[in-house]
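Comments concern the structure below.
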Amino acid sequence: MSNGIHPKSKARSDRAFVTLATNPDYVTGAGALFRSLKRTGTAADLVMLYTDLPPAEVAAMQALDVRMVQVDLLPTSDQFNALHARDRIHGNAPFTKGEKPPFHTPLDNFAKLRLWQLDYDRVVFIDADAIVLQNIDRLFDYPEFSAAPNVYESMADFHRLNSGVFTARPSAATFDDMLLRLDQPGAFWRRTDQTFLESYFPNWHGLPVFDNMLQYVWFNMPELWRWTDIRILHFQYEKPWQDHAKADKLRPLIDLWRAHAGDGPVPDLRELANPA
Ligand code: UDP
Ligand code: MN
């Protein structure tokens, strides 16, 4: 019997940075994320959860030394799937603050929870639309469950967490318990895994905002922006590999993402802070 998780190789460490990509667009993001993580010199495993991808995409990630772990979407009920269908979420709980790309499928987000099935002691999950600018190995010392605030518009949002970066301790018992809580009759998680995790871990620990700096802070809350302090930069809403309406406003951030996505050198954060 399958438990829904199919690693393509063995673990090499007891800790891992994990991301999720259910389609080639997010693989593009994950490529930049993993390249940026390698630049930090971490010794933790780099892991990608994926559903189905062309073999060439899998091979390209393996060439980057990424451990590929194929997963099934969660075995959620038909009612749950209907309530969290893309058109329904985007229609009934519309995103008024930014645009979600066409390749974003809300139901796929829940597959993140499969990381609790992994064979690691400690995991740090990072969304595929983020890059890591400085070593973040210290995050493995934070307890489950730690996340940074969902701040990109106002200080009031310090009460909310953003599920683009979080710490976890894989455990089959936790995973089974989460599935039970997730798919109760009529359960609707308006912002998918983010709303669920906030409810499942009501006493979540706070990470510094610099461990998950959201791109909109750049133009909405510039007083919070300090290049040399930012450790993880997260491109929530529009993605840096898309052509999109806010691209001009976000140009320095997109240029930095592009540098990390490539093989060449990346700019020093001090240079970004003090442009010549
Ligand atoms: N994701 C995915 N496929 C999808 C939607 C999401 O693989 O169709 C994964 C991917 O790792 C992505 C994360 O789930 O980074 C959360 O989605 P996204 O980053 O687009 O949400 P946002 O940060 O804009 O709220
Ligand atoms: Mn994201």
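Order of appearance sets the numbers: ligands from 1, and atoms from 1 within every ligand.
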Measuring centre to centre across the rings, with the benzene-like ring taken for any Trp, is [X] within less than 6.0 Å of [Y]?
X      : Y      : result
His90  : Phe95  : yes
His205 : Phe145 : no
Phe125 : Phe17  : no
Phe110 : Phe196 : no

| task | Kindly assign one of parallel, tilted or perpendicular to the pair Trp227 and Trp225, based on the angle between their ring planes and the thresholds 30° and 60°. | result | perpendicular

Taking distance alone, with N or O pairs closer than 3.5 Å, would you say [X] contacts ligand 1?
X      : result
Ala128 : yes
Phe235 : no
Tyr26  : yes

Side chain, backbone, both or neither: which part of [X] has a heavy atom under 4.0 Å from ligand 1?
X      : result
Tyr237 : backbone
Thr105 : both
Ala21  : backbone
Lys239 : side chain
Leu20  : both

Heavy-atom contacts with [X] under 4.0 Å: which atoms of ligand 1 show up? List them by number with element.
X      : value
Asn23  : 8 (O)
Gln236 : 23 (O), 24 (O)
Asp108 : 3 (N), 4 (C), 8 (O)
Phe103 : 8 (O)
Asn109 : 1 (N), 5 (C), 6 (C), 14 (O), 16 (C), 17 (O)
Asp127 : 13 (C), 15 (O), 16 (C), 19 (O), 23 (O)
His234 : 23 (O)

| request: Mind checking the CZ-CZ spacing from Arg12 to Arg67? Nearest 0.5 Å is all I need. | output: 9.5 Å

Assess the side chains of [X] and [Y]: does a donor N or O sit below 3.5 Å from an acceptor N or O?
X      : Y      : result
His244 : Tyr237 : no
Trp189 : Glu198 : no
Asp157 : Asn150 : no

| Do Ile131 and Phe235 touch side chain to side chain, with heavy atoms closer than 4.5 Å? | yes

| query | Considering only heavy atoms from C-beta outward, does the side chain of Asp72 approach that of Arg114 to under 4.5 Å? | reply |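 In short, these two side chains touch, coming nearer than 4.5 Å.
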
| message | Quick test of your reading of the structure: of Lys100, Met48, Glu238, whose heavy atom lies closest to atom 25 (O) of ligand 1? | response | Lys100

| Can you find a non-hydrogen atom of Gly164 under 4.0 Å from ligand 1? |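 Gly164 does not count as a contact of ligand 1 under the 4.0 Å cut-off.
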
| Residue Arg160 excluded, over 12 heavy atoms near CZ under 6.0 Å |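 Atom CZ in Arg160 is not crowded, with 12 or fewer foreign heavy atoms closer than 6.0 Å.
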
| task | Please report the shortest heavy-atom distance between Trp204 and Phe158, naming the atom on each side. | result |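 Looks like CH2-O, 4.3 Å.
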
| For Tyr120, is the NZ or CZ atom of Arg169 found under 6.0 angstrom from the centre of its six-membered ring and inside 45 degrees of the ring axis? |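 The answer is no; the distance or angle limit is not met.
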
| query | So which protein heavy atom does atom 3 (N) of ligand 1 come closest to, and at what separation? | reply |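 Sorting protein heavy atoms by distance from atom 3 (N) of ligand 1 puts Thr22 OG1, 2.7 Å first.
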
| task | Sort by chain and number the protein N/O/S atoms found under 2.8 Å from the Mn ion (ligand 2). | result | Asp127 OD2, Asp129 OD1, Asp129 OD2, His234 NE2

| said: Between Lys10 and Asp119, does any side-chain N to carboxylate O distance fall below 4.0 Å? | reply: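 Judged by the 4.0 Å cut-off on N to carboxylate O distance, Lys10 and Asp119 do not form a salt bridge.
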
